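Keep in mind the model is a prediction, meaning the values are calculated, not measured. Atoms within each ligand, like the ligands themselves, are counted from 1 in listed order.
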Amino acid sequence: MDSIKKRIDELIRIIKKANDEYYLEDNPSLTDQEYDRYMAELISLEERYPSLRREDSPTLHVGTKVQDKFNKAVHKISMLSLGNVFNEDEIRAFDERIKKVDNPHYVCELKIDGLGISLTYEKGVLIRGATRGDGVVGEDITANVRTIKSIPLILNKEIDIEVRGEIYLSKDSFAKINAEREMNGEPLFQNCRNAAAGSVRNLDANVTKKRKLDCLIYHLPNPLDYGLKTHYESLMFMKELGFTTNYKCNRLVKNIDEVLDYIKEWTEKRASLPYDIDGIVIKVNDIAMQNRLGFTAKVPKWATAYKFPAEEVVTKLIDIIFTVGRTGKITPNAVLEPVRVAGSTIRRATLHNEDNVVIKDIRPGDYVVIHKAGDVIPEVVRSLKERRTGDERPFQMISNCPICKTRIIRKEEEADYYCPNEECPARKIENIIHFASRDAMNIDSMGESVIEELYNEGYIRNITDIYDFDKYKDELINLDGYGKKKLDNLSKAIEDSKKVSLEKLLFGLGIRNVGSKTAKILARRFKSLDNIINTSIEELTSIPDIGEIIAKSIVDYFSDKSNLEIINRLKAFGVNMEYINTSNTEEKDEFKGKTFVLTGTLVGITRDKATELIENLGGKVSSSVSSKTSCVIVGDNPGSKYDKARALNIPIWQEEEFLDKVNN
Ligand code: IVH
């Protein structure tokens, strides 16, 4: 019990310090995700041990006490915050809770990343602008608020009203302010939110004026007083009064599936907005229903905020371990305190190589910044030196392979160490995993754990052993977890893999420097593996996109007798060695040698298929728009790539146009 009390005290100290930094100094040292994690831990401890809940617990209050420099502003109706949800399951759970009361319509809104504000008008004249503060008492920043153009000083009606919204800075203004601060040698703002908060809470209103702040209004605390029965009506009402609402983006929807559509749409379009958003707010539309649902101590039960997955988070680096890849490459990996990033929980991140760890001075025990983009493997970006306690341990590179204990080597011109032992089990297993993977032979039921097990049991020691499966199949039934159905599936997946096109086999062989893109180029050009085996460095380097290094890797690979033996064995098993042009298309002038970019949701075709078609017709697909892009193909709700293409005057084809050209 004592240790729990200690932890609660510690969490409260951390959260209070963070609150002060966030609300008073506009200079947070914790990220939002860290803050949320500490808060979640505190909430859960308090729920389990109610007797230990402290009266001053931050779970019972919003934000922090007001700084002295502004006058206090008491909120007649508390200014609440919002609960958070992070994924589809949690969104649906929110919906289920609401449905227990009634069937809701929702209003979806963008969650503007700025500073909450309350604006009070008497007889249509702005008399007070106040920050949220602790939700009950905020700061009176009327003078500063008056300098913001999008906040009306006089309304279209002589009405008494209080509205709430968000003060924010556009991405452009943020960049300008920071450029100026850099020139003056002043510390830079970390993001738009901090810059907005710092600007609007400046004691000199002239500074606020220069900062070009904006404001969007999204909440009327007492709509029934104005005869308004729904939130959507109150948004329209506020717009008519002269407030700037986000009317183009706000959407009234009928059910949670439409909420999810809205989220998907804005997750894609987010980058093209002129301001930062950090999520989507979901609100029950009907006010009577809102009132029936009510509030918790801190947040309304009728609304929640879906938070976009963060791409950068901070967590603790527990240890550094080393893994061995299929080429023998040794990679230092960070073992992390589990943390949520880009929608998933991660426990490992790559540290790339020894130099990277040494140059960045990353030590076990450090707090580190983790970056994750899309499907890319998460990486450790940097350590937070200012958070060191002295307990961190210096990084030590290993000298022997962690698996086979062979002394590892590092060639002079390379950054990586390698385990030189061709027989190293780690390398062998990784090789087989690569061969069976989706972009290679695509042996569906043969995942990492199956391969590891079959390797350790001695059944599959190299890629060719896979095709001897039927020989040992009957023995496998004795292994735990290998039922008849699983074995039949494996058998079928292995048979199917014999029919895949040459580029997949080529990629699967794991030739150094030959990724799936190069494999495709080679397969299309040479048509059969035999032609590739017999080619020369000169012929290879004459192909666009293939340079000396790739060419040498290919020729080296096929000059090695043991590799040729493997290929002969695969041939004998009936593995296809020819290029199969699935679309039966010839190259077309409109595509040949051109670079295409796809954006938006394609309706009549999948992205993979569209890419395959373009490549078969002689074109290339790239992920970003530049002056080298020949054409951008646009589906529904295109993102920033579309805007960029227009700005650069790059030809644009709608999806139908693209399909027409393909079919002609
Ligand atoms: S509604 C009772 N709507 O997000 C409802 N808040 O993390 C109160 N925010 O405190 C808030 N965009 O400062 C609402 N469209 C939006 C919003 C929004 C940004 C901010 C607001 C709130 C915080 C909660």
S.K.: Look only at interatomic distance and state if Leu110 has a nitrogen or oxygen under 3.5 Å from any nitrogen or oxygen of ligand 1.
M.R.: yes
S.K.: Does the side chain of Pro221 reach to within under 4.5 Å of the side chain of Met79, using non-hydrogen atoms?
M.R.: no
S.K.: Distance to 0.1 Å, residue and atom name: give those for the protein heavy atom nearest to atom 12 (N) of ligand 1.
M.R.: Ile112 N, 3.1 Å
S.K.: Among all protein heavy atoms, pick out the one at the shortest distance from atom 8 (C) of ligand 1; state its residue, atom name and that distance to 0.1 Å.
M.R.: Leu80 O, 4.0 Å
S.K.: Checking Lys157 side chain against Gly242 main chain: does a donor-acceptor pair fall under 3.5 Å?
M.R.: no
S.K.: Is Ser78 reaching over with its side chain to a backbone N or O of Leu80, donor-acceptor style, under 3.5 angstrom?
M.R.: no
S.K.: Could you tell me if Ser170 and Asp172 have a donor-acceptor pair between their side chains, going purely by distance under 3.5 Å?
M.R.: no
S.K.: Suppose I only count heavy atoms of Pro300 and a 4.0 Å limit; which atoms of ligand 1 are within that range?
M.R.: 2 (C)
S.K.: Give me the ring orientation class for Trp266 and Tyr262: parallel if the planes are under 30° apart, tilted from 30 to 60°, perpendicular past 60°.
M.R.: tilted
S.K.: Considering only non-hydrogen protein atoms, determine which one is nearest to atom 4 (O) of ligand 1 and report residue, atom name and distance to 0.1 Å.
M.R.: Lys111 NZ, 3.1 Å
S.K.: Using heavy atoms and a 4.0 Å limit, tell me yes or no: is Ala303 in contact with ligand 1?
M.R.: no
S.K.: In this structure, does ligand 1 have an atom that sits under 4.0 Å from one of the heavy atoms of Leu115?
M.R.: no
S.K.: Hey, what's the ring geometry for Tyr226 with Phe237, parallel, tilted or perpendicular (30° and 60° as the breaks)?
M.R.: tilted
S.K.: Where on Leu82 is there a heavy atom closer than 4.0 Å to ligand 1, on the side chain, on the backbone, on both, or on neither?
M.R.: both
S.K.: Which ligand 1 atoms, with their elements, are less than 4.0 angstrom from a heavy-atom of Gly116?
M.R.: 13 (O)
S.K.: In the protein, what heavy atom is nearest to atom 15 (N) of ligand 1, and what distance, to one decimal place, separates them?
M.R.: Glu109 OE1, 2.9 Å
S.K.: What protein heavy atom sits nearest atom 3 (N) of ligand 1, and how far away is it?
M.R.: Lys283 NZ, 3.0 Å
S.K.: Can you measure from CD1 (Ile43) to CZ (Arg48) and round to the nearest 0.5 angstrom?
M.R.: 12.5 Å
S.K.: Looking only at protein heavy atoms, which one is nearest to atom 13 (O) of ligand 1, and what is the separation?
M.R.: Glu166 OE1, 2.7 Å
S.K.: Using the six-membered ring wherever Trp is involved, compare the ring planes of His231 and His219 and label them parallel, tilted or perpendicular (cut-offs 30° and 60°).
M.R.: tilted
S.K.: Looking only at protein heavy atoms, which one is nearest to atom 17 (C) of ligand 1, and how far off is it?
M.R.: Tyr218 CE2, 3.3 Å
S.K.: Against Tyr106, only a single residue in Asn285, Asn255, Asp95 fulfils side-chain hydrogen bond (donor to acceptor under 3.5 Å, both in side chains); can you say which?
M.R.: Asp95
S.K.: Looking at atom 22 (C) of ligand 1, what's its closest protein heavy atom, distance included?
M.R.: Arg132 NH1, 4.1 Å
